[in-house]
Novice: 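Handing you a structure now.
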Amino acid sequence: MRTIAHLSDLHFGAVRPDRVLALRRSLLALAPDLVVVSGDLTQRARTYQFQAARAFLASLPFPRLVVPGNHDLPLRNWLRRLCDPLGRYRRHIADELYPVYRDEELLVLGLVSPHRLLLTAGWLSAGQREWVRRQFREDAAGRCRILVLHHPLDYSDDDLGARPHLILAGHRHTSRIRGGDEAQPLLVQAGTATSHRLRDEDNAYNVLAVHDDGWVEIAVSRWDGRGFRCESLYRYRFRR
């Protein structure tokens, strides 16, 4: 079994400090096999915000896979946005924009869904989709296939060998699960883990337990006024 902590929309620069401390305590107690962050590490892509996000991530002694969100691109500096949109992200968080995590049970791929010409919407290029198909085709070990991106975009493919089992996303600051049928993989959205920019629910992150018998259990760990507590559970059977 593998345990994945799925965080999203940290928004350093607009965080609640008590949530940051409680989130770290919760993750240290959980001791996940992998920490996934599906974008929006910062509020306005400023250097000090990236530095705060980097310090938080560095305080977690676990493997991690991180992708950028639309807030991690400069908003008002159009020259930087057009010419070097992810320069600060790459300098302070991760130089690799398409990270891969692979072990005996998991194959996790990170994608870049924000675009310099789109302020809030996301997209996946044909090149990214082909890269995903190639990665999945070359993997014959029967791992659980997971995509991580910021925007909760639909991903479907007639080539079943190229389909992910799970998609982990954020962006909307709400915890939600949908899909998981013959047409689409299961889309798991995480709420904002630490920001005060809430949308109809309190701060939360997801905990996924991926079992080697083809089941995944998904819990929402939500702020209850004193700390993060798991409150709901969803069980899903994926086809290896």
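This is a predicted model, so every value here is computed, not measured.
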Novice: How about Ser175 and Glu201: does a side-chain donor come under 3.5 Å of a side-chain acceptor?
Specialist: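 On atom types as modelled, these side chains qualify, holding a pair under 3.5 Å.
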
Novice: With a 4.5 Å cut-off on side-chain heavy atoms, are Asp212 and Cys144 touching?
Specialist: no

Novice: What residues, two or more places apart in sequence or in another chain, satisfy side-chain hydrogen bond (donor to acceptor under 3.5 Å, both in side chains) together with Thr174?
Specialist: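 Testing Thr174 for side-chain hydrogen bond (donor to acceptor under 3.5 Å, both in side chains), a comparison that skips the adjacent residues, returns none.
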
Novice: Are a donor atom and an acceptor atom from the side chains of Tyr205 and Thr192 found within less than 3.5 Å of each other?
Specialist: no

Novice: So does Arg199 have more than 12 non-hydrogen atoms from other groups sitting under 6.0 Å from CZ?
Specialist: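 Count over threshold, so yes.
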
Novice: Scan side-chain atoms only and decide if Ser113 and His151 contain a donor-acceptor pair under the 3.5 Å cut-off.
Specialist: yes

Novice: Side-chain heavy atoms under 4.5 angstrom apart, residues restricted to Ile, Leu, Val, Met, Phe, Trp, Tyr: same cluster for Leu28 and Leu10?
Specialist: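 Yes; Leu10 is reachable from Leu28 via cluster members.
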
Novice: Between Asp40 and His71, is there a donor-acceptor pair closer than 3.5 Å when you use the side chain of the first and the backbone of the second?
Specialist: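 Judged by distance alone, yes, a pair lies under 3.5 Å.
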
Novice: Write down the atom of His211, the atom of Phe238, and the distance for their closest heavy-atom approach.
Specialist: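 Reported closest heavy-atom pair: O-CZ, 4.1 Å.
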
Novice: Trp131 and Tyr98: aromatic ring centres closer than 6.0 Å?
Specialist: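 So the answer is yes for these two rings.
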
Novice: Among residues at least two apart in sequence or on other chains, which ones pass salt bridge (Lys or Arg N to Asp or Glu O under 4.0 Å) with Asp224?
Specialist: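 By the salt bridge (Lys or Arg N to Asp or Glu O under 4.0 Å) rule, Asp224 matches Arg229.
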
Novice: Does a side-chain heavy-atom distance below 4.5 Å link Leu82 with Leu117?
Specialist: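 Touching, per the 4.5 Å side-chain cut-off.
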
Novice: Can you find a pair of side-chain heavy atoms, one from Asp9 and one from Ser195, that are under 4.5 Å apart?
Specialist: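 No, their side chains stay 4.5 Å or more apart.
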
